[in-house]
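Accompanying notes for the structure given below.
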Amino acid sequence: MERQVIRVKIEFESVPAVLGFARVAAASLASGLNVGIDRLDDIKLAVSEAVSNCIVHAYPDAPGPVVMEMRLGDSQFEVAVEDHGVGIENLDAARAPGSTTDPLRMGMGFTLMEALSDELEVASHVGAGTRVTLRFSARK
Ligand SMILES: Nc1ncnc2c1ncn2[C@@H]1O[C@H](COP(=O)(O)OP(=O)(O)O)[C@@H](O)[C@H]1O
Ligand SMILES: [Mg+2]
C-alpha cells in the first residue's frame, strides 16, 4: 500500500543553539524512510552543514529566519534549508572543495553535502538569500 506523503515546515532563528534541534528534526522524519542508522547519520551531517551555513554566513549582523521544509515520501526524503540573508555571489566557486569566504573555515560544507546526499540543489541570489535542497533515496 502506498504511504501518504508527510510534509513538515519549521522556522527558526539562525543561532548556533538551534543546530542540534535541526539535525534531530530531520533525522526524526527521515527515520520513516527505509534506510539504516548510518544513512540517518549522513542525513544529520548534511543538514547540519546546510543549517550551519545559514548560521555562519547568511546573516552577518544579527540572527535571521531559517526555514526548513521536509518531505517524506515512499522512496525519498527531501529537506530544503532556506534563508533570506546575503546570498552567494559566485555559486560555482562557493561549491568548489576548499572554497570559503571565512579563513577560519574549511570550505568543505557543500562538498560534504554533495557527497552525502543523492541530490544537491543550490539556488542563491545576492541580497535575497539561499536555498539548499538535499534529497536522499530509500534503499532499493
Ligand atoms: N547560506 C549561505 N549564505 C551566504 N553564503 C553562504 C551560504 N552558504 C554558503 N555560503 C558561502 O559559500 C562558501 C562555501 O560554503 P561551505 O562549502 O559550507 O564552506 P564553509 O562554510 O566552510 O566556508 C562559504 O564560505 C560562504 O561564502
Ligand atoms: Mg559551511
Side-chain angles (χ1 to χ4, degrees):
M1 210 179 74
E2 186 122 338
R3 184 180 55 203
Q4 272 201 314
V5 169
I6 303 175
R7 289 192 176 78
V8 179
K9 184 172 173 176
I10 305 169
E11 181 171 337
F12 46 82
E13 278 208 300
S14 62
V15 293
V18 87
L19 195 55
F21 168 78
R23 288 161 58 94
V24 171
S28 169
L29 185 61
S31 66
L33 201 62
N34 179 27
V35 293
I37 293 277
D38 290 355
R39 198 65 183 136
L40 290 180
D41 279 343
D42 291 348
I43 293 172
K44 273 192 198 163
L45 183 50
V47 165
S48 188
E49 290 297 327
V51 174
S52 291
N53 280 351
C54 301
I55 295 168
V56 173
H57 302 295
Y59 301 104
D61 300 327
V66 178
V67 175
M68 192 161 108
E69 277 179 281
M70 301 185 278
R71 180 192 180 280
L72 176 67
D74 254 350
S75 58
Q76 193 185 61
F77 172 71
E78 181 183 299
V79 50
V81 177
E82 183 171 313
D83 65 66
H84 296 112
V86 295
I88 301 172
E89 211 168 292
N90 185 337
L91 206 48
D92 287 339
R95 288 181 66 161
S99 150
T100 180
T101 48
D102 179 345
L104 295 173
R105 301 197 175 266
M106 306 251 294
M108 294 304 287
F110 281 127
T111 306
L112 258 175
M113 288 185 252
E114 182 126 47
L116 293 168
S117 65
D118 292 299
E119 254 177 67
L120 168 67
E121 240 173 67
V122 189
S124 189
H125 301 281
V126 172
T130 303
R131 182 179 176 94
V132 170
T133 307
L134 295 153
R135 295 191 189 89
F136 302 87
S137 303
R139 259 184 262 165
K140 301 254 162 49

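Remember, it's 1-based here, ligands and their atoms both numbered in the order they're listed.
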_Protein heavy atom at shortest distance from atom 22 (O) of ligand 1_ =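 The answer is Gly107 N, 2.8 Å.
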*Identity of the nearest option to atom 27 (O) of ligand 1, non-hydrogen atoms only, from Thr101, Val66, Ile55*: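 Among Thr101, Val66, Ile55, the closest heavy atom to atom 27 (O) of ligand 1 belongs to Thr101.
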*asked:* If you take the nearest heavy atom of each of Thr100, Val56, Val51, Leu91, which one is closest to atom 23 (O) of ligand 1?
replied: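 The residue whose heavy atom sits nearest atom 23 (O) of ligand 1 is Thr100.
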Numbering the atoms of ligand 1 from 1, which are under 4.0 Å from a heavy atom of [X]?
X      : result
Ala94  : 12 (O), 14 (C)
Gly109 : 16 (P), 17 (O), 18 (O), 19 (O)
Ala58  : 3 (N)
Met106 : 22 (O)
Arg105 : 22 (O), 23 (O)

Any N or O of [X] that comes nearer than 3.5 Å to an N or O of ligand 1?
X      : result
Val86  : no
His57  : yes
Asp83  : yes
Met113 : no
Glu49  : no

*Between Glu78 and Arg71, is there a salt bridge with N-O shorter than 4.0 Å?*
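A salt bridge is absent here (no side-chain N lies under 4.0 Å from a carboxylate O).
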*Carboxylate-amine/guanidinium contact Glu69 Arg131, below 4.0 Å*: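 Yes, Glu69 and Arg131 are salt-bridged.
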*Treat each ILVMFWY residue as a node, draw an edge where side-chain heavy atoms are under 4.5 Å apart, and state whether Met108 and Leu45 are in one component.*
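Different clusters: Met108 never reaches Leu45 through Ile, Leu, Val, Met, Phe, Trp or Tyr contacts under 4.5 Å.
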I need the minimum non-hydrogen distance between [X] and [Y], along with the two atoms involved.
X      : Y      : value
Gly107 : Thr100 : CA-CB, 3.8 Å
Glu13  : Val18  : O-CG1, 3.6 Å
Leu40  : Ala27  : CD2-O, 4.0 Å
Ala50  : Leu134 : CB-CD1, 4.4 Å
Arg39  : Phe136 : NH2-CD2, 3.6 Å
Pro97  : Thr111 : CA-OG1, 3.3 Å

_Distance in Å, Ile10 CD1 paired with Met68 CE, rounded so as to fall on 0.5 Å steps_ =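 Between Ile10 CD1 and Met68 CE, I get 4.5 Å after rounding to 0.5 Å.
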_Residue Asn53, metal the Mg ion (ligand 2), N/O/S under 2.8 Å_ =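 Yes - counting backbone and side chain alike, Asn53 has an N, O or S atom under 2.8 Å.
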For ligand 1, which part of [X] has a heavy atom less than 4.0 Å away: the side chain, the backbone, both, or neither?
X     : result
Asn53 : both
Ser52 : neither
Ile88 : side chain

*So, do Asn53 and Thr130 sit near enough that their side-chain heavy atoms are less than 4.5 Å apart?*
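The answer is no, as the side chains (C-beta and beyond) never meet within the 4.5 Å cut-off.
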